[in-house]
Trainee: 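Got a structure for you, written out below as structure tokens; questions coming shortly.
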Amino acid sequence: MPVLRTEGLTVAYGETPVLDGLTLTIPAGRITALVGRNGCGKSTLLRALARLLRPRGGTVYLDGASIFRMPTREVARRLGILPQAPTAPEGLTVRELVALGRYPHQGWLRHWSEADERAVESALAATGMLDLADRPLDALSGGQRQRAWIAMALAQETEILLLDEPTTYLDMAHQVEVLELLYELNQARGRTIVMVLHDLNQACRYAHHLVALKDGRIYAQGDPREVVTPEMVREVFGIECCVLTDPLAGTPLCIPAACKGCTFRRPEDARRLPAPPPAAPAAAEV
Amino acid sequence: MSRWTAIRCRRLPVSFRLDRRVPPVLLALGGIALALTVLSLGTGQYPVPPGEVVRTLLGGGSREYDFVIRTLRLPRALVAFLVGLALAMAGAILQAITRNPLASPDVTGLSAGAGLGAVAVMVFLPDAPWSALTPAALAGGLAAGGLTYWLGWKGGSHPLRLVLVGIGIAAAAQALTNTVMATTQSLRVGEALVWLTGSVYGRSWQHLRPMLPWLGVGVPAALLMARHLDVLHLDEDLARGLGSRVEWHRGMLFLIAVTLGSAAVAAAGTLGFVGLMAPHIARRLVGPAHGGLLPTAGMVGGLMVLAADLIGRTLLAPIEVPAGVVTAAVGAPYFLYLLFRNR
């Protein structure tokens, strides 16, 4: 099992540190979700884990070796990253895109081995994209497109898969579909998955391990059932909430109440608000 | 059903895949190129019927035909085709590494730099032979291209910055060229003017030969790096995540594009818009994967210059319109259309 961990990881954009001496071990073979407010450093952490950012201090180790010292191609054979809202050139078909996932496995004259072909076909099958394989990416719906990107990452055949907000811009059904797909990959193939998620409830439901970040540090981590409490949500997200148990999954379910400083409003409260001022008289219709 | 055919060697780790769209397209373009060449070789002040053109090419023509076709017109047609091929491949590479559909040798300052280098030699060393233009243009192209890359590189060369800097460098090179031309009394200014518009007028074997080594290196190198181009054409983060040594590959490919573009400029001056249009047309034909796109763009570019030269020679005969004017007449509206579409 691959071990991915950070030690004293410090990343800064200019003078402002985004991650501040962060030490974290990603549990192998499990799903880890990184959560926190906008700007808490969760995407930065994911990008640093994938060697896309050079840390100012500390490093990321993959099985004991610093990934910034390893040949980047070798890292790419073991660790895949799907950035947020990736873009592809116009007219590229799904199959062509997925085949690009084989890039780190190819050589100067070995562009399309049998292993490459098998990996692409099986990635297309696993994501249910076989029927759409020869369609251009720009002709697909958001959910299908996201599945195509995941298929590309799968074709890379890495033990570790990092995803930055894989459900953004998707409707509810497609969000569930993508998360179920990732869950199944983890269960069936033992892939280690690390993803940044915006929705705390989705993170609770699909992650084995939750890492809550606040101001570039880890505020809490562990099994969502132990980590997610009203206090933690208040500190990390700055919101009052009530934590219930998800009746379907048995995981914590966070019901937001109100932000710090504003009062909770229910529809009844709204009805008690003073009536709005009368609208300006409309221009005379001719 | 996949559109790919796998080509694999059992004993060696050699394997390729072929998009089934590519061979028929290349064959068709090759056929058109041959037909157009025959037509072009037979057209002029001394017309030669197509049958005679073919016979002469195969070595069976009369002495007059042999002189007209093989000594005068064939090198010109070959220069036209190869110049178009080089510009188109350079354009396809630049569009991929800058991830910008408007990039081309013209936009990145490469052509202007090469033009400046060649004009400087023409004007300041009026006795220099034609073959001196090639290294001068290459030096100018490399300087302008290198400057664009260096100035556009700041914590990783961002695609848009590269193009913006390129436009600036192109303007500066153009201004310098104009200064050189305006301040000199050299008799070759007129010649330089025509040359700057891009023309294959009077090109002979001695103009063709200096191109060949550069294309001989640049074209295979570009084809070998096609799969790196495919990855660079994606996001920066995706390319890095897939294990591409992004800066290194982009630098190499930039160098290849400069080599191809400058060799073309040295042979025929600054032929505008070919490097911009040909890759777009090729993408329509075979899609965006560079293994098929690069050779297709090259063929399309070659055809474009061949056709532009033929049109320029026949449109207002006996007056010759430089091929660069013809490509600009078609290319400028296309550039505006692309700008409009990519607003």
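A, B, ... follow the sequence lines: proteins, then strands. Residue 1 opens every chain. This one's a predicted model, so the numbers in the text were calculated from it and none came from an experiment.
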Trainee: Of the listed residues (A88(A), P89(A), A133(A), G91(A)), which shares the most heavy-atom pairs with chain B below a 4.5 Å separation?
Mentor: P89(A)
Trainee: Do L242(B) and M152(A) have side chains that approach each other closer than 4.5 Å (heavy atoms only, starting at C-beta)?
Mentor: yes
Trainee: Please classify the contact of R102(A) with chain B as side chain, backbone, both or neither, using a heavy-atom distance under 4.5 Å.
Mentor: neither
Trainee: With sequence neighbours excluded, give me every ring-ring contact (aromatic ring centres under 6.0 Å, His included) pair touching residues 6-28 of chain B.
Mentor: H111(A)-F16(B)
Trainee: So, for Y103(A) and V231(B), which heavy atoms are closest and what is the spacing to 0.1 Å?
Mentor: CD1-CG2, 3.3 Å
Trainee: Give me the contact list for residues 63-80 of chain A versus chain B, heavy atoms only, anything under 4.5 Å, ordered by residue number.
Mentor: T72(A), R73(A), A76(A), L79(A)
Trainee: With respect to chain B, which residue among P136(A), G101(A), A50(A), P104(A) yields the maximal number of heavy-atom pairs within a distance under 4.5 Å?
Mentor: P104(A)
Trainee: For L238(B) and P83(A), work out which heavy atoms get closest and say how close.
Mentor: CD2-CD, 3.6 Å
Trainee: Just wondering, more than 12 heavy atoms not from R8(B) lying within 6.0 Å of its CZ?
Mentor: yes
Trainee: Working note: L92(A) + D230(B), criterion side chain to side chain contact (heavy atoms under 4.5 Å, CB included); need CA distance, chi angles, decisive distance, verdict.
Mentor: CA-CA 10 Å; L92(A) 198 75; D230(B) 286 338; over 6 Å; no
Trainee: Apply side chain to side chain contact (heavy atoms under 4.5 Å, CB included) to the pair W4(B) and R95(A), showing each step before the final yes or no.
Mentor: CA-CA 10 Å; W4(B) 295 336; R95(A) 196 189 298 272; 3.5 Å; yes
Trainee: So, using salt bridge (Lys or Arg N to Asp or Glu O under 4.0 Å) as the criterion, who are the partners of R5(A) when residues are at least two apart?
Mentor: E7(A)
Trainee: Using a 3.5 Å distance criterion without hydrogens, assess whether the side chain of R51(A) forms a donor-acceptor pair with backbone atoms of R240(B).
Mentor: yes
Trainee: Could you go through the side chain to side chain contact (heavy atoms under 4.5 Å, CB included) check for T87(A) and R99(B) one step at a time?
Mentor: CA-CA 10 Å; T87(A) 58; R99(B) 255 173 274 125; 5.6 Å; no
Trainee: Testing the basics here: between G107(A) and R227(B), what is the closest heavy-atom pair and its distance to 0.1 Å?
Mentor: O-NE, 3.6 Å
Trainee: Identify the two heavy atoms, one from Q156(A) and one from G241(B), that lie closest to each other, and give their separation to 0.1 Å.
Mentor: NE2-O, 3.4 Å
Trainee: Which heavy-atom pair separates P13(B) from R110(A) by the least distance, and what is that distance?
Mentor: O-CB, 3.3 Å
Trainee: Let me know if E96(A) has heavy atoms under 4.5 Å from chain B in its side chain, its backbone, both or neither.
Mentor: both
Trainee: Examine whether an atom of T158(A) lies under 4.5 Å from a heavy atom of chain B, and if so say whether it belongs to the side chain, the backbone or both; otherwise answer neither.
Mentor: neither
Trainee: What parts of residues 282-289 of chain B touch chain A if we use heavy atoms and a cut-off under 4.5 Å?
Mentor: P288(B), A289(B)
